[in-house]
Amino acid sequence: MTDSTGTTAPAPTADLDGAAAPDRSGLYLVDGSGFIFRAFHALPMMTRPDGTPVNAVLGFSNMLLKLLADVKAEAVAVVFDSARLNFRNEFYPDYKAHRPETPEELKPQFALIREATDAFCLPSLELDGYEADDLIATYARLAQEAGRPVTIVSSDKDLMQLVGPGVAMYDPMKNKHIGPDEVFEKFGVQPDKVVDVQALAGDSVDNVPGVPGIGVKTAAQLITEYGDLDTLLANAEKIKQPARRQKLIEFADQARVSRRLVQLEANAPQPKPLEDLRVREPDHRRLIDFLKAQGFRSIVARVEMEMKRDGRIADAGLPASPATPGAVDADGVVAPQPTATVEKRYELVQDLAALEVWVRRAQASGVIAVDTETNSLTPATATLVGVSLSTAPGLACYIPLAHGSAAAAAGQLDFDAPPPPKQIPTADLMAALKGMLEDPAILKVGHNFKFDHQLFARNGVTVSPIDDSMLISYALDGGAHGHGMDELAELHLAYTPISFKEVCGTGKTQITFDQVPLDKALDYAAEDADITLRLWTLLKPRLVEARMVTVYETLDRPLVPIIADMERAGVRLDQDALKRLSQDLAVRLVEIEKDVHQLAGQSFNIGSPKQLGEILFDVMKLGAGKKGKTGAYSTDSSVLEELAEQGHSIAQRVLDWRQLAKLKSTYTDALQEKIEALTGRVHTAFALAATNTGRLSSTDPNLQNIPIRTEEGKKIRRAFIAAPGNRLISVDYSQIELRLVAEMANIQALKDAFRDGLDIHAATAAQVFGVPLDQMTPDIRRKAKAINFGIIYGISGFGLSRQLGITPGEANSFIKTYLERFHELKVWMEATKSFARDHGYVETLFGRRCYMPGIQDKNPARRAFAERQAINAPIQGTAADIMKRAMNRVPAALAAAGSHAQMLLQVHDELLFEVPEAEAEQAAALVRAVMEGAASFSVPLVAEAGIGSNWGEAH
DNA sequence: CGCATCACG
DNA sequence: GACGTACGTGATGCGA
């Protein structure tokens, strides 16, 4: 490895990349003092449970661990300064005089760092009256003379003068080798002239005076020209520039003193012979004990993992090392980066003084991850239990607000319970954070921020501006995978976060977050904020690369506060009406059940498809019965309807029972349970990143599937009512998806029909079946309507035949005629499928991508399915985009008009509002206008509004 | 916890 | 000509 001729620069003295065989002959000289200060200033203050500050100890330990993992050396020495004063002060008392006093928090860490060095079984060097740099110079010379390569581990530029044949430097902070080229880059001269340059340029940090007016650039130029400092000073009169000449003459002595200051002493006494620096086998037990005593949990984990890898602990189940970190593979998926390599620094914040640090960090960096913990999943009514923040990877805090107060909150006195921990009152926290959370210059990042936004809004804080890592992922990878934090952490960070179950348990023994002990709550909650920030850091830049910035910025992100307001508002239900409906349904279900059992000749559970199938097809022998893949008879409504048509009265009775049972269990019973005591209303959760097409979905309860198609169902819809003095307004897009088919496929005849405001299904029927509009029959129109829907779904002859109850042959001929009349459609469908095959995704008109993993599947059935998805997704997705555009504009438009209307629900093509009675007409007109203007196409968008005291009436 | 069923768009 | 079908959701009850 070394260059025996000494005429060219040496190769790095050890193999730091693991590419070649490790060089065991080398000496590593670690600049311990340099690292203490760097670690101390780079890491936030942290303390052991006993209050001892340990941030520098942690940074130092991490550095040693990394070094030992990276290099295999025969000899290592960690070199320290011994005292503040050294021989340089004897001839220049002001040397390093401007250094500030050692911070109080650092003082106790010096001893711990020496302990750490011992725990790592590494030899250390220090000598009174000499700086670490002098010892490094001395031992580097010794090793060099012994023909052994030296690597100086430091980022201190003052050591660069030592670089030369057999001596290299390595900066572990930047993971950078420093050879003659790097030195030249820094000082403009070869390493052996570095002291001359420094002598001229001086160093304000070390209070080395140099020559005033001369910096590194000029110094390098002069030294290059004259060869060295002495020659330069001897020839100072010859310098052309008068000012420079005069300074050099005047400050010649000062330059010579400066050189003595920066020149390292390579002949210092040796506290230990070179042989004593040999690396010893580390004592892992001792090391782990030391690290545990400092509370460095994640380093302990790393050391234990290293031990396993080295075979010191038997364990076959080690994780495989991930692919190149951060590399982007062909699918644009970023290879996981192991999170274990980042030290976690999680802090519990229990007073406002500790909080201030975090606000300052947010102000400094301009971005902070925010997460809230609550005692329930309904943010409209949940109690805020704590807030976590993260300002840098691995750096997070948790601020408990309502822990250990469950009994107190319930008004119970429990003298056995421990007293609640010290916590900031929620109102005080909000007051302290409000400025930061509303600061337009500080970006607040959350994962599913809609939830947190609601909690802050309920506490009088409107968080803005925001980013949402979940929505960024959704814009980037919608359809490719889910976007929950745990899933994304696994995928992008190769990390499994602490699960909620682990912290709160599950089922009957589940506890709420306010009952979680603070240490566990800290681990869990701080980690959530930490991971959120890491995901954001990783995903946000990808928006630009994927050209998905506009989708995210104009469609999804602005929706967060708007949906949060809708959820928070909730919707009023007529609980008495629901109760009466439930009772009515219960009575009728019993009657029907009696009938069915009588017709079957025995008692059985009608709600069990298995038992029902056996009764119908085995016991009663009503036809053959179709069995599904599970081997059970199918008893779904299409089967029962067929049986009913054949005159089997039991089938119709079962259909009736099914319908009523569904309405009772899913709606009249369940909705009552969902009325929140605090608000007297029902608060659904709209999922913003759940569907493959860009639609929203609604859960807990789902208010996007409230019955409307049957008379019984409409009764349930009428139980959705306006508050006293208010009205409900329902505004829905008319035929939006079919309009988009006409627009996107550019179907002239269909576009004309829409522009003329025709009954679109009748117009289609006229075109396809050649029936003049004045001779249209309901049946022909019904067939055309079914085909129109079929188009949107990615039509198939089989599907259409089943829908219309005709043969697949007939259905195919309908489709053929349709595609002839609207020939542009066929072209568009083929182009869309081809695009999907080429790209693996399809796009909406607004650029949202919907990934279709199955489009290349070898199985023709699965591929055909993906092709239908590829047809449907741009249509459904564009409609969803348009609705989002409308929703983003409506609240501001209402506010600007002075309206008090509140948006409550979205049902894909419909928006529901609650509005003071007197404003209803005006609001309805305004919403219609905004919806119709949400996009501008050659096909008009049409929205229709209804007003009523309940949802049934308004629709 | 997966399946079948059915409510909506 | 395969292969099993309309697209997108969520909640419920059953039964292993």
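- Checked against a 6.0 Å centroid threshold, the rings of Phe769(A) and Phe814(A) count as neighbours.
- Among the candidates Val654(A), Asn605(A), Val596(A), the single residue satisfying the side chain to side chain contact (heavy atoms under 4.5 Å, CB included) test with Leu612(A) is Val654(A).
- Note: Phe604(A) and His597(A) have tilted aromatic rings, judged against thresholds of 30 and 60 degrees for the angle between ring planes.
- Taking the side-chain contact (heavy atoms from CB on, under 4.5 Å) definition, one finds that Asn812(A) meets it with Ile815(A), sequence neighbours left out.
- When the shell of 6.0 Å around CD of Glu502(A) is examined, it contains more than 12 heavy atoms from other residues, nucleotides or ligands.
- Judged purely by distance below 3.5 Å, without hydrogens or angles, the side chains of Glu641(A) and Gln652(A) never pair a donor atom with an acceptor atom.
- Within the nucleic acid shown, Ile875(A) has no heavy atom closer than 4.0 Å to any nucleic acid atom.
- Scanning DNA chain C 5' to 3' for nucleotides with an atom closer than 4.0 angstrom to a non-hydrogen atom of chain A gives a first and last hit of dA2(C) to dG15(C).
- Shown are Leu728(A), Leu905(A), Leu904(A), Ile729(A); of these, the side chain to side chain contact (heavy atoms under 4.5 Å, CB included) with Phe913(A) is made only by Ile729(A).
- Phe798(A) comes within 4.0 angstrom of a nucleotide base, judged by non-hydrogen atoms across all strands.
- For the P atom pair drawn from dT5(C) and dC3(B), the interatomic distance equals 13 Å after rounding to whole Å.
- In this structure, Gln876(A) reaches the bases: a heavy-atom distance under 4.0 Å links it to at least one base atom across the strands shown.
- As judged by a 4.0 angstrom heavy-atom cut-off over every strand, Thr666(A) is placed among residues touching the sugar-phosphate backbone only.
- The backbone N or O of Thr807(A) sits less than 3.5 Å from a side-chain atom of Glu810(A), completing a donor-acceptor pair.
- Within the nucleic acid shown, Asn702(A) comes within 4.0 Å of sugar-phosphate atoms alone, with no base atom in reach, counting heavy atoms only.
- Among the atoms of the strands shown, none is found under 4.0 Å from any heavy atom of Ala873(A).
- The aromatic rings of Tyr818(A) and Phe822(A) lie perpendicular to each other, with more than 60° between the two planes, well past the 30° mark.
- Arg709(A) comes within 4.0 angstrom of a base, heavy atoms only.
- Among the protein residues, Glu910(A) comes within range of no part of the nucleic acid, since none of its heavy atoms lies under 4.0 Å from any strand.
- Taking every heavy atom of residues 779-790 of chain A and every atom of DNA chain C, pairs under 4.0 Å involve Ala786(A), Gly790(A), by number.
- Where pairing requires Watson-Crick or G-U contacts shorter than 3.5 Å, the helical stems of DNA chain C with at least three consecutive pairs are B:1-9 with C:7-15.
- Residue Gln659(A) is classed as a sugar-phosphate contact, given heavy-atom separations below 4.0 Å to backbone atoms only.
- Side-chain contact of His761(A) with Gln735(A): a donor-acceptor pair under 3.5 Å is present, judged by distance alone.
- Look at the P atom in both dA4(B) and dA6(C): the space between them is 13 Å, to the nearest Å.
- Reading DNA chain B from its 5' end, the first and the last nucleotide to sit under 4.0 Å from a heavy atom of chain A are dC3(B) to dG9(B).
- Of the residues near DNA chain C, Asn692(A) and Gly794(A), the one whose nearest nucleotide (by heavy atom distance) lies more toward the 5' end is Gly794(A).
- Classified by interplanar angle (parallel below 30°, tilted 30° to 60°, perpendicular above 60°), the ring pair Phe720(A)/Trp951(A) is perpendicular.
- Among pairs with a residue in residues 780-789 of chain A, those fulfilling salt bridge (Lys or Arg N to Asp or Glu O under 4.0 Å) read Asp759(A)-Arg781(A), Asp779(A)-Arg782(A), Asp779(A)-Lys783(A), at least two apart in sequence or across chains.
- The residue Ile706(A) sits close only to the backbone: its heavy atoms come under 4.0 Å of sugar-phosphate atoms, none of a base.
- Between the side chains of Glu712(A) and Gln659(A), no donor-acceptor pair is found at a separation under 3.5 Å.
- Residues Asp618(A) and Tyr633(A) have side chains that bring a donor and an acceptor to within less than 3.5 angstrom of each other.
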